[in-house]
Number of protein chains: 2
Amino acid sequence: MSRSNPRVLSTLERAGGFASAQEVYRLMQREGESIGLTTVYRALQSLVNDKIVDVLRRDDGEAIYRLCGEAHHHHLVCKGCGDTVEIEGGAIEKWAKMMAEEHGFRDVGHTAEIFGLCGKC
Amino acid sequence: MSRSNPRVLSTLERAGGFASAQEVYRLMQREGESIGLTTVYRALQSLVNDKIVDVLRRDDGEAIYRLCGEAHHHHLVCKGCGDTVEIEGGAIEKWAKMMAEEHGFRDVGHTAEIFGLCGKC
DNA sequence: GTGGTAATGAAAATCATTTTCATTTGTGCT
DNA sequence: AGCACAAATGAAAATGATTTTCATTACCAC
């Protein structure tokens with residue numbers, strides 16, 4: 001029953017706990033692991049069912065998987081050079097919780113990203 | 001240049017200001033309008049560029065378009081029924097500004113979204 | 001009308017994801 | 001070991017949204 005392939009999980013961890021199915025697959029290929037794309041998808045779905053990973057959507061619609069409980073962070077992205085800084089989002093966490101409560105939502109997650117031009121651009 | 005086809009916009013309005021490209025297309029077909037799917041996609045993209053409509057993602061990854069007011073706001077989306085609440089993001093604005101400053105970014109914008117299950121789901 | 005630009009849409013291409021199905025692997029049983 | 005049977009695997013095909021291509025059409029200024 002447990003299709004939560006441990007190799008897939010460990011690859012997702014190695015990827016920084018944040019990657020799409022395709023990325024996990026490519027990563028495993030590059031590392032010489034022999035695995036099929038189908039199995040990667042199934043393993044990720046299974047991990048989601050088991051609540052070991054979370055699934056979000058990128059802006060382009062691709063599903064990205066993230067380890068649960070992983071201290072999650074947000075991104076500050078430069079529109080010029082694409083440089084990315086990981087930042088803390090303490091204020092956001094509180095805001096999200098507050099807003100959810102206020103509107104009777106439960107089981108909430110959130111996404112937040114800041115973009116602009118960095119000092120060099 | 002303005003590909004913001006008014007028929008598409010009015011159909012989106014009629015749909016409750018909330019629909020996917022495919023749904024808008026099917027709706028227009030059903031109403032006897034003669035239009036191509038390609039044109040619907042282009043019109044919606046154009047409307048997004050012009051900031052007349054917002055684009056979100058359904059849980060299955062399909063893009064949904066929705067009319068939005070001028071005021072800058074964020075969304076609280078139900079993963080169950082797709083219900084959406086527009087919310088204020090005062091805390092976010094400050095947070096974004098602070099983070100940008102701290103890392104020497106200028107000209108910044110941001111995205112933020114909260115998702116969870118609403119009271120009814 | 002003529003020339004040129006923008007808009008249109010049918011069909012093909014793309015891309016992530018899911019399904020199908022035949023094969024392999026694992027496990028318990030004797 | 002040999003056997004049976006369920007679960008796991010992955011290649012290939014199917015699906016479905018979205019994008020691209022490209023030939024045609026509508027529009028506008030002169």
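In what follows, chains carry the letters A, B, and so on, assigned in the order in which the sequence lines appear, proteins first and then strands, with residues in each chain numbered from 1.
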Indicate every side-chain donor-acceptor pair of residues 96-103 of chain A with a distance under 3.5 Å to a residue at least two apart or in another chain.
residue, atom, partner, partner atom, Å
His103(A), ND1, Met99(A), O, 3.1

Does Thr39(B) put a side-chain nitrogen or oxygen below 4.0 Å from OP1 or OP2 of dT8(C)? no
Cut-off 3.5 Å, side chains only: do His74(B) and His110(A) have a donor facing an acceptor? no
Let's see if you can work this out: which of dG9(C), dT9(D), dT8(C) has an atom nearest to the side-chain heavy atoms of Ser34(B)? dG9(C)
Send over the distance from Leu44(B) CG to dA7(C) C1', rounded to a whole Å. 16 Å
Is the number of heavy atoms from other residues, nucleotides or ligands under 6.0 Å of Asn49(A) CG greater than 12? yes
With Tyr25(B), which of Gln22(B), Glu23(B), Gln29(B) fulfils side-chain hydrogen bond (donor to acceptor under 3.5 Å, both in side chains)? Gln29(B)
Treat primed atoms plus P, OP1 and OP2 as sugar-phosphate and everything else as base, then score nucleotides 14-21 of chain D 5' to 3': B for base contact with protein heavy atoms under 4.0 Å, S for sugar-phosphate contact only, - for none. ---SBBB-
Could you tell me whether the side chain of Asp60(B) and the main chain of Glu62(B) form a donor-acceptor pair under 3.5 Å? yes
With Arg106(B) via side-chain contact (heavy atoms from CB on, under 4.5 Å) - residues at least two apart: Leu117(A)
Rounding to an integer number of Å, can you tell me how far Asp59(A) CG sits from dC15(C) C1'? 17 Å
Separation of dA16(C) P from Tyr25(A) OH (nearest whole Å): 12 Å
Separation of atom CD in Gln29(B) from atom P in dG9(C), rounded to whole Å: 10 Å
